[in-house]
Q: 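My structure is below; once you've seen it, I'll send some questions.
The first residue in the sequence is number 1, and the count goes up from there. Start at 1 and go down the list; that is how both ligands and their atoms are numbered.
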Amino acid sequence: MTNISSNAAWVKRSLAAVWHPCTQMKQHELFPLVAITHGKGPWLFTANDHAILDAISSWWTNLFGHANPKINQAIHAQLEKIEHVMLAGFTHPPVVELSEKLSALTQGNLGHAFYASDGASAVEIALKMSHHFWRKTGQAKKNQFVCLANGYHGETLGALAVTDVAIFRQAYGDLLQTVHTVMSPDLRQALPDETAAEFTQRAVADVAQLFAREHEHIAAFIVEPLVQCAGQMAMHSPSYLQQIRQLCDRYSIHLIADEIAVGCGRTGLFFACEHAGIWPDFLTLSKGISGGYLPLSISLTTDSIYYAFYHADLREGFLHSHSYTGNPLACAAALASLAIFSSEQVLEKNLGRAQELNQAFAWAKTDERIEHFRQQGMILAFDVKNTAQHSAAITPHFAPQLFQHGLEAGVLVRPIGNTVYVMPPYILSAEETQLMSSRIRTAVDKTLATGRPR
Ligand SMILES: *Cc1c(COP(=O)(O)O)cnc(C)c1O
């Protein structure tokens, strides 16, 4: 077995002093932390110089590789000018330019950018702004939110309230606002005798019924357009989004498109909503927007919402802020990333990359241990079947074991339950895509054959 863990003293010290996220620290007695000292392109290098192919863009953030020369250069250049200044009462060139570029990408439909640092905060901002808008327009009763079963919007209390992932909510139920949860349009859940279109209609009908009954109390509907990413890469039809947009219009309910994971070209178009030809009232961005370099999040919104807060009195404004709101270095990284999108025709070339991805994983389409092979642009996923014969897949050990076997094979994959997915940076060569697939196949084989790696 390849030893990817380092015995360096500083790695051991990480266990005591650093409380790692989304982790049971005790498990690191068995599975040592993976110590990364540098990265280049799609490769991460461990403290003992083991190369790992990053198939998940370092938590869905990295679009153009690690240590990307263009983004590095843009941050260096900005660093020589101004590293940070408050955004209340002050402005700076990168934040202006970025806001204008994002407005242009939405053809002016979402022309007002409100900044924060992490994704959950962008969601909080959209939720607060939505309810506040209704208060201002004489509909204060609109104080409830609708979210999807299996949806994920972050883990601060407001964002967690609209998140339906049991393991994250369990301990905090008492602290969370009550929300309406509608059925997920996840196409895997269609009944055997139901077409995809019929299933989607059923999911829309669930929302229509709720809106008809409760619309006077509903401020907003929040959705991850096309792919519920943390919810096992569950994919749905653009027609769902079109019909939800219509229902929201009919009942005066805001539509919040959480594009924190699916934005920035991940689904094939820059925004996932573009596949449905709709615009939401709020669109949240984070993760990829800074190229995966620096914490930055944005809640984009419309003229109508912006001008409801436009007033001579401070108290009529949207009084929400974070210390690092609109940080110039993060905005410079975002501008450099957007520049790469246009100068390197990224969306156009991703059509070919998505094809390569599909072909590289052709083995998984016919593998009898695998079901629900699915792809949306630069997200590809499949589920390992939940059968007695392959019972390794249904134990809670499956995901950590596959992760471990992946590392040993030299690829970073982080399955969600029995869902294996890749969400690579947009820079893989055809050879690297092949390598990613074959290493993942090796890891899947090992996990299903042997169970625990040690
Ligand atoms: C990751 C994610 C968030 C939360 O972003 P953080 O930066 O982790 O707070 C919110 N919504 C979606 C869809 C996400 O994937």
Q: Does a side-chain N-to-carboxylate-O contact under 4.0 Å join K26 and E29?
A: yes
Q: Tell me every residue that passes side-chain hydrogen bond (donor to acceptor under 3.5 Å, both in side chains) with E124, counting only those two or more places apart in sequence or in another chain.
A: T156
Q: Mark yes or no: K40 above the aromatic ring of F45, with NZ or CZ under 6.0 Å from the six-membered ring centre and no more than 45 degrees from the axis.
A: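 The answer is no, since K40 fails at least one limit relative to F45.
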Q: For ligand 1, which atoms, with element, lie under 4.0 Å from some heavy atom of G154?
A: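 Checking each atom against G154, I get 4 (C), 10 (C).
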Q: Examine the side chains of Y293 and S337 and answer whether a donor and an acceptor come within less than 3.5 Å of each other.
A: no
Q: Among all protein heavy atoms, pick out the one at the shortest distance from atom 2 (C) of ligand 1; state its residue, atom name and that distance to 0.1 Å.
A: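 Of the protein heavy atoms, K287 NZ, 2.5 Å lies nearest.
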Q: Counting from 1, what ligand 1 atoms have a heavy atom of H153 closer than 4.0 Å?
A: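 Selected atoms, number and element: 10 (C), 11 (N).
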Q: Checking N358 against Q355: is there a side-chain donor and acceptor pair closer than 3.5 Å?
A: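 Result is no, nothing qualifies.
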Q: At a non-hydrogen distance cut-off of under 4.0 Å, which region of I260 contacts ligand 1 (side chain, backbone, both, or neither)?
A: side chain
Q: Ignoring hydrogens and geometry beyond distance, is a side-chain donor-acceptor pair present between S58 and D54 at under 3.5 Å?
A: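 Side chains of S58 and D54: pair found under 3.5 Å.
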Q: Below 6.0 angstrom between ring centroids: does that apply to H84 and Y324?
A: yes
Q: Which of the atoms of ligand 1 are close to G119, meaning less than 4.0 Å from one of its heavy atoms?
A: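 Selected atoms, number and element: 4 (C), 5 (O), 6 (P), 7 (O), 9 (O).
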Q: In terms of residue, atom name and distance, what is the protein heavy atom nearest to atom 11 (N) of ligand 1?
A: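 Here the nearest protein heavy atom works out to D258 OD2, 2.7 Å.
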Q: Within the structure, does A120 bring an N/O atom to less than 3.5 angstrom of an N/O atom in ligand 1?
A: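 By distance alone, the answer is yes.
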Q: I need the atoms of ligand 1 closer than 4.0 Å to a non-hydrogen atom of A261, numbered in the order shown.
A: 15 (O)
Q: Report yes or no: does W60 have a heavy atom closer than 4.0 Å to ligand 1?
A: yes
